[in-house]
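All remarks here apply to the structure that follows.
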Amino acid sequence: MPRPRKRQTGTAGPDRKKLSGKRTKTENSESTSVKLENSSLEKMTTFKNGGTDLSNYWLMKSEPESRLEKGIDMKFSIEDLKAQPKQTACWDGVRNYQARNFLRAMKLEDEAFFYHSNCKQPGIVGLMKIVKEAYPDHTQFEKSNPHYDPSSKEDNPKWSMVDVQFVRMMKRFIPLDELKTYHQAHKAIGGPLKSMTLFTRQRLSVQPLTQEEFDFILSLEETEPS
DNA sequence: GCCAACGTTGGC
DNA sequence: GCCAACGTTGGC
């Protein structure tokens, strides 16, 4: 029932028009994404215990300010998440293969930063956790939904979502600016944010973080705003 | 509101 | 399978 919408990505489903006959475009997109996903996961895995019980870290973007898309407000802030029953919501509306594949890689109890995008003060505002692993995003079948995808079939849903639960606010807001400053510095000196996906894959709305990235960002909570 | 970045579409 | 046109993301 909670059905926030995060505006994640193109309204236009990547291949809404074909898929009856040929699906080459789709499959290209998917396999490309899968590769990216895999390499990312491999990268993360090498930093960890390698097999069981690996927890992953994520950053998920959502718009905290009202913006209408097909007459529907895309706003979903961390305050909105907090206000949901059980402070839990489904993360619907993702329509990008890479982002979708990351959603599908999420495990119960994985932690994710809640990032406010497309707003006055973009940045990380809080922490949430995954409370339900990927399942079909119902909005792809709803004609009136801005993220409706007519090419997706009920018996083979194309798009997925997860459920997330509010964990806590950041002790202080971590602005994009500040992350960017560290990213630049770390590129030069090889610090933890040197290849943060927020800067290397600009438009990706669901993205993985390494343990190092996650820990470093948490450590910023204890520092003075820069 | 502008526009750079970048993913997708579709003609050829 | 290339690539120009187009649409979206999201910072500024």
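All values below were derived from every heavy atom in this structure, side-chain atoms included, with hydrogens, water molecules and symmetry-related copies excluded. Here is how names work: the chains are called A, B, and so on, in the same order as the sequence lines, proteins then strands, and each is numbered from 1. Source: prediction; values computed, not measured.
- For A/Gln121, the side chain to side chain contact (heavy atoms under 4.5 Å, CB included) partners are A/Phe173, not counting sequence neighbours.
- Rounding to whole angstrom units, CG of residue A/Asn96 and P of C/dT8 are separated by 14 Å.
- The aromatic rings of A/His186 and A/Tyr182 sit tilted relative to each other, their planes meeting at an angle between 30° and 60°.
- Between the A/Thr88 side chain and the A/Lys86 main chain, a donor and an acceptor come within less than 3.5 Å of each other.
- Results of the ring-ring contact (aromatic ring centres under 6.0 Å, His included) test with A/Tyr57 over A/Phe113, A/Phe214, A/Phe216 single out A/Phe214 as the only residue that passes.
- Taking 4.0 angstrom as the limit, A/Lys61 places none of its side-chain polar atoms (N or O) nearer than this to OP1 or OP2 of C/dT9.
- Out of C/dC12, C/dG10, B/dA5, the shortest distance to the side chain of A/Gln202 is found at B/dA5.
- Taking atom CZ of residue A/Phe76 and atom C1' of nucleotide C/dT9, one finds them 19 Å apart after rounding to whole Å.
- Using modelled atom types and a 3.5 Å distance limit, the side chains of A/Ser160 and A/Arg100 yield no donor-acceptor pair.
- In this structure, CG of A/Asn118 is placed 13 Å from P of B/dG1, rounded to the nearest angstrom.
- Taking atom CZ of residue A/Arg100 and atom C1' of nucleotide B/dG7, one finds them 15 Å apart after rounding to whole Å.
- Listed nucleotides C/dC12, B/dT8, C/dG10 differ in distance to A/Leu176; the shortest reach to its side chain belongs to C/dC12.
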Practice problem: Tell me, with the steps shown, if A/Lys75 and A/Glu63 meet salt bridge (charged side-chain N to carboxylate O under 4.0 Å, His left out). | Solution: CA-CA 5 Å; A/Lys75 168 187 189 303; A/Glu63 300 184 35; over 6 Å; no
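- Residues satisfying the salt bridge (charged side-chain N to carboxylate O under 4.0 Å, His left out) criterion with A/Glu178, sequence neighbours excluded, are A/Arg172.
- We find that CD of A/Gln207 is positioned 18 Å from P of B/dA5, with the value rounded to whole Å.
- Atom CE of A/Met60 and atom C1' of C/dG10 are 17 Å apart (whole Å).
- Summarising the geometry, the separation between NE2 on A/His147 and P on C/dT8 is reported as 11 Å, rounded to the nearest angstrom.
- Atoms CD (A/Gln98) and P (C/dT9) sit 14 Å apart, rounded to a whole Å.
- Using a 4.0 Å cut-off on heavy atoms, the residues of residues 177-186 of chain A that approach DNA chain C are A/Asp177, A/Lys180, listed by number.
- The side chain of A/Tyr115 lies closest to C/dG11, out of C/dG11, C/dG10, B/dG7.
- Across all strands shown, A/Phe199 has no heavy atoms under 4.0 Å from either base or sugar-phosphate atoms.
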